[in-house]
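Basis for what follows: all heavy atoms, side chains included, without hydrogens, waters or symmetry-related copies. Just so we're clear, the structure is a prediction, and the values are computed from it rather than from any experiment.
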Amino acid sequence: MSVSMTDSGEIATPVESSKSAMTWGPIFGGAAAAIGVTLILLLLGSGVGLTMVSPWSGQSSSLGTVGVTAAIWLVVVQWLSSGLGGYITGRLRTKWAAVHTDEVFFRDTAHGFISWALATIFVAGFLASSLTSLAGAGAQAVGSAATAAGTAAASTASTADLPTAYFTDALLRPEQARAGATSDDTAATAEVSRILLNGAAAGQIPDDDKAYLATIVTARTGLSEADARTRVDTVLKRIEDAKVAAQKAADEARKAASTTALLGALSLLIGAFIAAAAAAFGGSQRDEEEDLLVTPRI
């Protein structure tokens, strides 16, 4: 505390309040209001969003549309809840007497920002818990599917791994492939599957494998060599189309996730600003009318 002396020789001592500039009651009240509004709007958005998704083909919106819509709704939720929470924080705080107007403005904005931060932390924890539960359920489902796939693979193949089995097949291919394919259906089917899986992993199927597949198709179906080769090319084209479609879906999911993250970050920044501004506005309305204490003249 600095002490100064006036021109008349009097000592001037700064006046300091014994009360803290931080009022936690309005902060918690505004944060609780923001949390409540956020949860209500999130449930409303979830109900509306489920109408955009359908298990039937052609009746569901695209993944990009759903992602962008969800991101926009999160922005709206953040703005509405932040504005309401900040305004309540500003209106509920006790009036600061003998405090400069600029200091009052700063305190109001700080209270609104802290209220927004508390609400955001709580909602983020709630969403993280929900996503963790969903991820756990998904992981359990994937684990069950992997176990089933492993059991099926073990029952249909006794070799060590796919690359080894594929190259073993390539070494032991008989000259009379037609006779082998006709006599042993199980072995022919397993060998064709290994060729297709190896081609999917490598990105393409060599010409000698295509010719071998055409030979097996001829032996199994009775088609001519040309027709069998056409059928092989048609099936391989379908596999390639399915691969491209899967890559396209993955790319759309990546873009939707990126858009959601960017809009979410932007909405948080704007939400913090709105909460601070709303608290300052609420505080100014709180201080518009001044209460006067009238004492009788003696």
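Contact detail for Ala31 and Ser115: the closest heavy-atom pair is N-OG, 2.9 Å. Of all non-hydrogen atoms in Ala228 and Ala214, the two that sit nearest each other are CB-O, 3.4 Å. When all heavy atoms of Ile270 and Trp79 are compared, the closest pair comes out as CG2-NE1, 3.3 Å. When all heavy atoms of Gly112 and Ala279 are compared, the pair lying nearest together is CA-CB, 3.5 Å. Closest approach of Gly85 and Ala34 over heavy atoms only: CA-CB, 4.2 Å.
Residues Trp24 and Ile114 have side chains in contact (heavy-atom distance under 4.5 Å, counting atoms from C-beta outward). A heavy-atom distance below 4.5 Å is not found between the side chains of Leu266 and Val75. Under the 4.5 Å side-chain criterion, counting only non-hydrogen atoms from C-beta, Val104 is in contact with Arg93.
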Exercise. Decide side chain to side chain contact (heavy atoms under 4.5 Å, CB included) for Leu80 and Leu41; before the verdict, give the C-alpha distance in whole Å, the side-chain angles of both, and the deciding distance to 0.1 Å.
Key: CA-CA 9 Å; Leu80 292 178; Leu41 293 178; 3.9 Å; yes

Practice problem: Begin from the C-alpha positions of Asp233 and Lys237 and carry the test salt bridge (Lys or Arg N to Asp or Glu O under 4.0 Å) through to its verdict. | Solution: CA-CA 6 Å; Asp233 292 338; Lys237 180 64 168 56; over 6 Å; no

Practice problem: Would you sort out whether Ile40 and Leu44 count as a side chain to side chain contact (heavy atoms under 4.5 Å, CB included), showing the intermediate values? | Solution: CA-CA 6 Å; Ile40 292 173; Leu44 177 62; 5.5 Å; no

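Atom-to-atom distance recorded for Ile27:CD1 and His111:NE2 is 4.5 Å, nearest 0.5 angstrom. In this structure, Thr89 OG1 and Phe28 CZ are separated by 11.0 Å, a value rounded to the nearest 0.5 Å. Of the inter-residue distances, the one linking Ser81 atom OG with Ile35 atom CD1 reads 9.5 Å to the nearest 0.5 angstrom. In this structure, the separation between CG on Leu43 and OG1 on Thr38 is 11.0 Å, given to the nearest 0.5 Å. Rounding to the nearest 0.5 Å gives a distance of 7.0 Å between CZ of Arg286 and OG1 of Thr94. Interatomic distance, CZ of Phe113 versus CZ of Phe106, reported as 10.5 Å (0.5 Å rounding).
A salt bridge links Arg254 to Asp251: at least one charged side-chain nitrogen sits closer than 4.0 Å to a carboxylate oxygen.
In terms of hydrophobic clustering, with Ile, Leu, Val, Met, Phe, Trp and Tyr side chains grouped at heavy-atom distances under 4.5 Å, Ile88 and Val37 are assigned to a common cluster. Under the 4.5 Å side-chain heavy-atom criterion for ILVMFWY residues, no single connected hydrophobic cluster contains both Tyr87 and Leu92.
Within 6.0 Å of CZ in Arg231 there are 12 or fewer heavy atoms belonging to other residues, nucleotides or ligands.
Side-chain contact annotation: Ser224 with Asp227, donor-acceptor N/O pair under 3.5 Å present. Counted by atom type alone, Trp116 and Gln78 present one or more donor-acceptor pairs between their side chains at under 3.5 Å.
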